[in-house]
Structures are given as structure tokens and as C-alpha cells.
Amino acid sequence: MLEGLLAVALGAVALALALLWRQSRRNERLASRLQAANSQIGELRGRDPLTGVLARPELESALDDAVAASDRGAAPLALLYVALDGFRPVNEGFGLRVGDAVLRETALRLLRQADDRQLVARIGGDEFVLLLAADAGQAQERAQALVQAMRRPFEFEGQSLALTASVGVAVYPAHGSRPRLLAHSALAMRAVKLGGGDGHAAFDPAMAVDAREQIQLLQDLRRAVARRELRLVYQPKIDARTLQVTAAEALLRWQHPQRGVVSPAVFIPLAERHGLIHELGGWVIEGACRQAAAWRQQGLRMRVAVNLSAQQLRHEDLVPQIEAALARHRMRAERLTCEITETVAMEDTAVTRAAFERLRRAGVHVSIDDFGTGHSSLATLRRLPAAELKIDRAFVVDLDSPGQAGTQALTIVQAIVQMAHTLGLRVVAEGVETPTQRDRLVALGVDELQGYLFARPMSARALGLWAEVDGQDGGGSAAHAAFRASLFEPTAPAQLGD
Ligand code: C2E
Ligand code: MG
Ligand code: MG
């Protein structure tokens, strides 16, 4: 009995010892794993986890050190602010995995251009900074080399993606004191982006002045609607075969009390950045619909087109706003064209597709503006319920160019027309200025034309008067007479659903 108990007790002790031993082995393993993880974390601390380059706070301290060294006369210092062009559509169109791979590859290319691996940082989504020991001249050369390195296509899983970069350069101390340096390089990068990207620029004090001026302009813009400083002008679109006016595009003008006319290219982006575009856009939609109703009373039958911004598309209230304006002015939805630029249309596929779908259900005519400048795929286009493509002016201008540029433009326009017609879309060419351009576009099968050759944007009153006068005497050149007279198409008084 005693023996039995002893045996059981011994067995229990042996088991406990074995368990303890295993436990201690496990603890050991755990401890060593913990240590490895700790040192990895230590290495990674201050690193961007995706790319392994410095993170923002470590960049700031690296910059402090570099500025201090430069002050001691050690070396000149340049800061290159690098932002990818067109990264967002890649991320959203191809998915985060491809987006991440692009960012890692970007970091690698920057590391190859760096003097020191410790001086490359990622400071935001697709924005990186490179610190270099370089004076102004050397910094420009290095920026140029970087822009070139970024042009090489990114290859992933058999796909080739072409991206470019905008690089802003700020040199210490010429371009600012330590606290302003990063912001100034970012302003220089922004200037490159505004110019279309794929390039580099050094900081210029005018860029900072511009920023301050913009704040003033923004304050003025907030008051512009109430002060009745905004107005709409209209530019017709002409049917390429019949020369009839098919539509009038509303373009916004701002008559600033001190500055004179401010271009929409300046104030629309400002309104977009600061949340004013929905209000401005609403004003445009209302004005254009009111004008369409007035023209219809006058006997003019044509669509009215408005331009919509990305922010408007994302706004829940856009379609109700459009529908309310249509109802107020007893206008059929199909008489309203909404022009949305290609880059916006392709930018944010999920959100844009939903907005397009709502516009389609509302029955408005959707047009893709500035087509050819973005990176549309046929597949994406097919999913968007658009009715019209407007070929960007850049291709129309090149139709006149001698040599390769001209031939290339011809090929591109031809391809766009074929593709659009296959998808059942009408093709409009914008910015037509010369008879040669017009003839080539007509020969290529473009459906509608718009440009200074036919008419500049003008006031609604001018458009109405011009049509009436012309409808009576048919004056002007033969082509214009035909086109203008057809604008004045007598109809029965306006009725809902005409
Ligand atoms: P867009 O919609 O592509 O309009 C065409 C621009 O080209 C207009 O400039 C027009 O005046 C100009 N244009 C027309 N024909 C010719 C031509 O033969 N030659 C040349 N060189 N230019 C021509 P604008 O009015 O300065 O507008 C610029 C851009 O501003 C527009 O481009 C549009 O994207 C935007 N915009 C204008 N009004 C509005 C608006 O109410 N809302 C929004 N969101 N954007 C607007
Ligand atoms: Mg437009
Ligand atoms: Mg356009």
C-alpha cells in the first residue's frame, strides 16, 4: 500500500519535474523569441513599416542634425520632396497589394539615389523626402536623375505600370530656415504637380507669396456669390455634319472687384480644396437650368452642359440638387449634360461609379471631359454610364502639327473615336481653332465640335441675340450661316417633356 503510494508520489514528482522542465524550455524559447522581436522592433523603431525608410519624426531629427552640420560648414544641404503622380488611381484600381509594391519599389529607387540610407524618409501616402549633401546646382541635377529613375515602368506580376514623380527642391539656407525648409520643398513639389507633374522645380519665394495670396482669394471667393461677382458664360457644341448647335456648355466666370476676371483654372481648385465647390456648383446648376428654360421659351432647343468637380460627385446631395433644379425649371433631365473630367471619372472607382449610377438613374446625359489625359482603361469606361467623350484640346492642337506629333495625334484621335463608337458614345472634340483641325476631325468621324473657330464662350444674352439675328439674315460665312441659322430652330412654346 505504502509502496503503491510512494510509486504514485514518485510518478507525480517525475511528472511535475518533466512539466517544469518543459515549461522552462518553453520559457527559454519564449524569452529568446521575445528578445529577437525586441531587437527587430528596435531596428524598426523610427522606420516606416512598409518601406523600411525613415518615418516622419526621425526625418525631423535627421534634418536637425544635417542643418547643424551644414551650419558648422560641413556640407551644403538640399531637401528633395518627392511625390508620385497618379498613385491614387493605381492604389484604388489595382488594389492595396500593388499599391504597396509600388511604394516599396519607389523607396528602393530613392535609396539608390541617396548618399546615405539613413537620409531617405516616407512622410505620407505617396510622399517621400531625400536629404542630400548638395548645393543648388547639384540638387537640380540629382532631382533630374530622380525624375528619370521614376519614369521606368513598375513591373508587377506581368503588369507594367507607368508612373511619374514630381520633385520639389529646397536648399539650406538659401531657400529658408530650418523650420520652413520642408514646407518650402513641398510648395515646390506642388508647383510641379500643378504644371502637370513629371518634373522638378526649386523653391521660389513667389510660391510662398502665392500661398498667402490664395488665402486672401479664398476669403473673397466665400463672399463672391452674395456679392453677385459670379456669372456664367456659354460655349456652343456643334454637330459636325449638320452644323446644328447641340449644346451650350456653361463656364463659370468670377469678376473680382480688384483683380478683374479670375480664371476658373485658379478659383475652382481653390473652392475644391476648401469645401466651397458644392455651393458654387449648386449655383452653376441652378443658373444653367434657369437659362435652359429661358432659351427654350425663346425657341432654342439644345442641351445645357455643366462641369462637375470630384468633390461634387462625392456629395450625397448632388443628384437631389440637380433633380430639384430640373423640376423648378420644368426641364427634362436628358437636356442637361454633366461633364466630368476623365481623371475624376477614373480616380475613385467605387465612389465615382456610385455617383455615375445615380446620375444615370436621374436620366442626365453624362460626358467625360478632357479625355485622353488620364489613364482610362476600356473596362472602366465600359462600366461608366457615359453618353459622350470630349477629346482633350491637346490632341486637337497637335492635329495641326507637322511630323510625328501630328501623325501621333491623328492615330490617337482615330483610336478614341473607334473605341467610343464601339461603346455607343458620341465624340466631341474641344478647342477646335483652325479649319484644318475641323476638317481632320470631321474626316475621323468626330460627332461634335467645340472651339474658338465656331464661337468663344459668351453671355447667355449674346448667344440668344446672335442666334436671333442670324436666324433672320443668315449672315456670316457660309459655314457659320448654316450653323447659326440651325441654332434658331422654331419650336412650339416650351412644355414639360417636349
Ligand atoms: P473645360 O470644361 O474643359 O472647358 C474648356 C475650356 O477651354 C474653357 O476654359 C474654354 O473657354 C476653353 N476653350 C474653349 N474653346 C477653346 C479654343 O478653341 N481654344 C482654347 N485655347 N481654349 C478654348 P475656361 O472657361 O477657362 O475653363 C477652364 C476649366 O475650368 C474648364 O475646362 C472646367 O474644367 C473648369 N470649369 C469652368 N467652369 C466650371 C464650373 O462651373 N464648375 C467646375 N467644376 N469647373 C468649371
Ligand atoms: Mg467642360
Ligand atoms: Mg475640357
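Note that the structure is a prediction, hence the values are computed from the model and not measured. The chain is numbered in sequence order, starting from 1. All ligand and atom numbering here is 1-based and tracks the order in the structure.
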message: Checking contacts now, so for atom 25 (O) of ligand 1, which I'm interested in, is there any protein heavy atom under 4.0 Å?
response: yes

| message | If you scan the protein for heavy atoms around atom 43 (C) of ligand 1, do you find one that is closer than 4.0 Å? | response | yes

Q.
Distance check below 2.8 Å: does T341 bring an N, O or S atom to the Mg ion (ligand 2)?
A. no

**Request:** Check whether any side-chain heavy atom of D370 sits under 4.5 Å from a side-chain heavy atom of E342, and report yes or no.
**Result:** no

Under 4.0 Å from one or more heavy atoms of G451, ligand 1 contributes atoms 15 (N), 18 (O)

Begin with the C-alpha distance, continue with both residues' side-chain angles, and end with the deciding distance and a verdict on side chain to side chain contact (heavy atoms under 4.5 Å, CB included) for Y81 and L187. CA-CA 9 Å; Y81 200 112; L187 277 176; over 6 Å; no

Under 4.0 Å between heavy atoms, the region of Q235 that gets near ligand 1 turns out to be side chain

Quick look: D369 vs ligand 1, heavy-atom contacts under 4.0 Å, and the answer is side chain

re atom 20 (C) of ligand 1, the protein heavy-atom contact at minimum distance is E433 OE2, 3.3 Å

So for E249 against ligand 1, with non-hydrogen atoms under 4.0 Å, the contacting part is side chain

(message) Strictly distance-based, threshold 3.5 Å: is any side-chain N or O of K193 a donor or acceptor partner for the main-chain N or O of L84?
(response) yes

ang(OD2 D369, the Mg ion (ligand 2), OE2 E249) rounded to 10° is 180°

When distances are taken from atom 5 (C) of ligand 1, the protein heavy atom at minimum range is E430 OE1, 4.1 Å

The atom of D370 among N, O or S that is nearest the Mg ion (ligand 3) is OD1

Logged contact type for R456 with ligand 1, heavy-atom cut-off 4.0 Å, is neither

Task: Flag: protein heavy atom within less than 4.0 Å of atom 9 (O) of ligand 1 - done: no

**Asked** Should R393 be listed as contacting ligand 1, given a heavy-atom distance under 4.0 Å as the test?
**Response** yes

Salt bridge between E448 and R303, side-chain N to carboxylate O under 4.0 Å? no

In terms of its nearest heavy atom to atom 2 (O) of ligand 1, the top option of I285, N307, V266, V306 is N307

Honestly, for V284 the part within reach of ligand 1 (heavy atoms, under 4.0 Å) is side chain

S309 heavy atoms within 4.0 Å reach ligand 1 at atoms 44 (N)

Next item on the list: Check the pair E286 / H329 against side chain to side chain donor-acceptor pair (under 3.5 Å), numbers first and verdict last.
Entry: CA-CA 9 Å; E286 172 64 21; H329 300 289; 2.8 Å; yes

When rounded to the nearest 0.5 Å, the distance separating CZ of R259 from CD of E229 is 11.5 Å

Determine whether D239 and R426 satisfy the following criterion, salt bridge (Lys or Arg N to Asp or Glu O under 4.0 Å), listing intermediate values before the conclusion.
CA-CA 11 Å; D239 186 287; R426 274 179 84 75; 3.3 Å; yes

**Request:** Evaluate the criterion side chain to side chain contact (heavy atoms under 4.5 Å, CB included) for residue pair R393 and V397; output intermediate values, then yes/no.
**Result:** CA-CA 6 Å; R393 198 171 80 82; V397 169; 3.7 Å; yes

CG of L80 to CG of L146, rounded to nearest 0.5 Å, is 6.0 Å

message = Between F371 and V428, is the side chain to side chain contact (heavy atoms under 4.5 Å, CB included) condition met? List the steps.
response = CA-CA 10 Å; F371 190 80; V428 182; over 6 Å; no

Among N, O or S atoms, E339 approaches the Mg ion (ligand 2) most closely through OE1

shortest atom 28 (C) of ligand 1-to-protein heavy-atom contact is with P264 CG, 4.0 Å

So CG of L130 and OG of S185: to nearest 0.5 Å the spacing works out to 11.0 Å

Going by the 4.0 angstrom heavy-atom rule, the piece of L252 near ligand 1 is both

Tested for side-chain contact (heavy atoms from CB on, under 4.5 Å) against E430, the lone hit among L449, I391, V396, D369 is D369

Note: heavy atom closest to atom 3 (O) of ligand 1, options T434, V432, D370, L453, belongs to D370

Out of curiosity, is G281 lining ligand 1, as in a heavy atom under 4.0 Å away?
-> no

Check your understanding: Angle class for the H315/H278 ring planes (parallel below 30°, perpendicular above 60°, tilted otherwise)?
Key -> parallel

- Relative to each other, are the rings of F203 and H184 parallel, tilted or perpendicular (30° and 60° limits)? parallel

Would L251 count as a polar contact of ligand 1, with the cut-off being nitrogen or oxygen pairs under 3.5 Å? no

Contact region, P457 to ligand 1, non-hydrogen atoms below 4.0 Å, reads side chain

The protein heavy atom nearest to atom 18 (O) of ligand 1 is Y452 N, 2.8 Å

Tell me whether S263 has any N or O atom under 3.5 angstrom from an N or O of ligand 1. no

Has E334 got a side-chain atom pairing as donor or acceptor with H365's backbone, closer than 3.5 angstrom? no

Item to complete: Examine ligand 1 and decide if any of its atoms is less than 4.0 Å from a heavy atom belonging to R253.
Response: yes

| field | Donor-acceptor under 3.5 Å (R296 side chain, G299 main chain) | value | no

